[in-house]
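Notes follow once the structure below has been shown.
Worth saying up front: this structure is predicted, and the values here are computed from it rather than measured. Positions are given from 1 along the sequence.
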Amino acid sequence: MEFLKSINTLIERRAHQYTAYITTLYYFEVVYLMLGILFLYGKTASILCGSTLSLVLAYHIIRIFFKNGLHRKIQLYLIDVHAAFVIGYLFSSSAAGIDAGGIMVILYIIRSITLFLELPLIFFLTRSTIAGQFT
């Protein structure tokens, strides 16, 4: 029991850091989106969209790391939307059969890891002790 309490204390002290590190996994989604936009709209649109989203995500990660309360709420909304999308994606991919292509398997694994890591963040970022640390 003491081991679990020590893990809980460690997470409570560094929740902002863990959240920032886990949020960096969203860059894979930006790259995947850039590939889709590349085929649909061309290089210019893909680069503009990817650059804009990367800069916004970098700013968000920095603000999370420095315990900004608004960005904690934004992160909770991002997790909610992303988790719902990924659960649907993983379910439909499993039901239809995973494409044997290398990129799709890697994306499937990365999305699974991201989902596995971001779902506990909902619990931790909504706790009053951790929410009180964000200003």
Side-chain angles (χ1 to χ4, degrees):
M1 191 62 154
E2 289 297 320
F3 178 70
L4 293 176
K5 287 181 182 179
S6 65
I7 290 175
N8 185 38
T9 305
L10 182 66
I11 290 174
E12 281 187 358
R13 280 189 282 141
R14 297 185 178 187
H16 64 287
Q17 292 173 342
Y18 297 139
T19 304
Y21 289 125
I22 291 169
T23 304
T24 59
L25 292 173
Y26 291 153
Y27 281 112
F28 289 106
E29 297 291 342
V30 171
V31 170
Y32 184 70
L33 180 67
M34 283 179 66
L35 288 172
I37 291 175
L38 175 67
F39 290 116
L40 291 174
Y41 300 108
K43 289 181 196 177
T44 306
S46 175
I47 291 171
L48 284 174
C49 181
S51 299
T52 303
L53 287 175
S54 294
L55 289 172
V56 169
L57 185 58
Y59 177 74
H60 174 67
I61 290 169
I62 290 168
R63 299 306 296 166
I64 282 285
F65 188 81
F66 289 113
K67 299 181 181 181
N68 186 295
L70 174 65
H71 286 270
R72 180 188 67 85
K73 292 176 186 173
I74 291 171
Q75 180 64 32
L76 286 169
Y77 292 126
L78 282 174
I79 290 171
D80 188 34
V81 171
H82 186 259
F85 169 73
V86 169
I87 289 170
Y89 171 81
L90 294 176
F91 179 75
S92 67
S93 294
S94 298
I98 297 175
D99 185 14
I103 298 292
M104 295 310 289
V105 172
I106 291 171
L107 183 66
Y108 191 83
I109 291 169
I110 290 171
R111 283 184 173 168
S112 299
I113 291 169
T114 305
L115 182 67
F116 178 73
L117 293 174
E118 75 182 355
L119 285 180
L121 285 179
I122 294 173
F123 173 73
F124 288 110
L125 290 177
T126 55
R127 293 177 74 179
S128 60
T129 56
I130 293 176
Q133 296 174 3
F134 286 80
T135 57

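No more than 12 heavy atoms of other residues, nucleotides or ligands shown are found within 6.0 angstrom of CZ on Arg14. Heavy atoms of other residues, nucleotides or ligands lying less than 6.0 angstrom from CZ of Phe28 number 12 at most.
Under the 4.5 Å side-chain heavy-atom criterion for Ile, Leu, Val, Met, Phe, Trp and Tyr, Leu33 and Leu35 are members of distinct hydrophobic clusters. Note on Ile62 and Ile22: separate hydrophobic clusters, where clusters join Ile, Leu, Val, Met, Phe, Trp and Tyr whose side-chain heavy atoms are under 4.5 Å apart, directly or indirectly. By the rule that hydrophobic residues join a cluster once side-chain heavy atoms approach within less than 4.5 Å of another member, Ile61 and Tyr18 end up as members of one cluster. Using a 4.5 Å cut-off between side-chain heavy atoms of Ile, Leu, Val, Met, Phe, Trp and Tyr, with links allowed through other members, Tyr59 and Leu70 fall into different hydrophobic clusters. Phe116 and Val86 end up in the same hydrophobic cluster when Ile, Leu, Val, Met, Phe, Trp and Tyr side chains are linked at under 4.5 Å.
A heavy-atom distance below 4.5 Å is found between the side chains of Tyr26 and Glu118. In this structure, the side chains of Leu76 and Arg72 come closer than 4.5 Å at one or more pairs of heavy atoms. Looking only at side-chain heavy atoms (C-beta outward), Arg127 and Asn8 come within less than 4.5 Å of each other. Counting heavy atoms from C-beta outward, Leu115 and Tyr89 have side chains that stay 4.5 Å or more apart. Put simply, the side chain of Ile64 does not reach to within 4.5 Å of the side chain of Tyr21, judged on heavy atoms. Using a 4.5 Å heavy-atom threshold, the side chains of Ser94 and Tyr108 count as touching.
Separation of atoms CZ (Arg63) and NE2 (His16) is listed at 12.5 Å; rounding is to 0.5 Å. In this structure, CD on Glu29 lies 11.0 Å from CG on Leu53, to the nearest 0.5 angstrom. The distance from atom CG of Asn68 to atom CD1 of Ile74, rounded to the nearest 0.5 Å, is 7.5 Å. Put simply, CZ on Phe134 and CD on Gln75 are 9.0 Å apart, with the number rounded to the nearest 0.5 Å. From Ser112, atom OG reaches atom CG of Leu107 across 9.0 Å, with rounding to the nearest 0.5 Å. To the nearest 0.5 Å, atom OG1 of residue Thr129 and atom CD1 of residue Ile11 are 11.0 Å apart.
Of the possible polar contacts, one joining the Thr126 side chain to the Phe123 backbone as a donor-acceptor pair under 3.5 Å is found. Judged by distance alone, with hydrogens and angles left aside, the side-chain atoms of Arg111 form no donor-acceptor pair with the main-chain N or O of Leu90 at under 3.5 Å. Checked by atom type and distance alone, the side chain of Tyr27 pairs as donor or acceptor with a backbone atom of Ala58 at under 3.5 Å.
The two residues Ala45 and Ile37 have their closest heavy-atom pair at C-CG2, 3.8 Å. Val30 and Gly50 make their closest contact through CG1-O, 3.9 Å (heavy atoms, listed as atom of the first residue, atom of the second, distance).
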Dump the intermediate steps for side-chain contact (heavy atoms from CB on, under 4.5 Å) on Leu125 and Thr19, then the final yes or no. CA-CA 9 Å; Leu125 290 177; Thr19 304; 3.7 Å; yes
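Relative orientation of the His71 and His60 rings is tilted, given thresholds of 30° and 60° on the angle between their planes.
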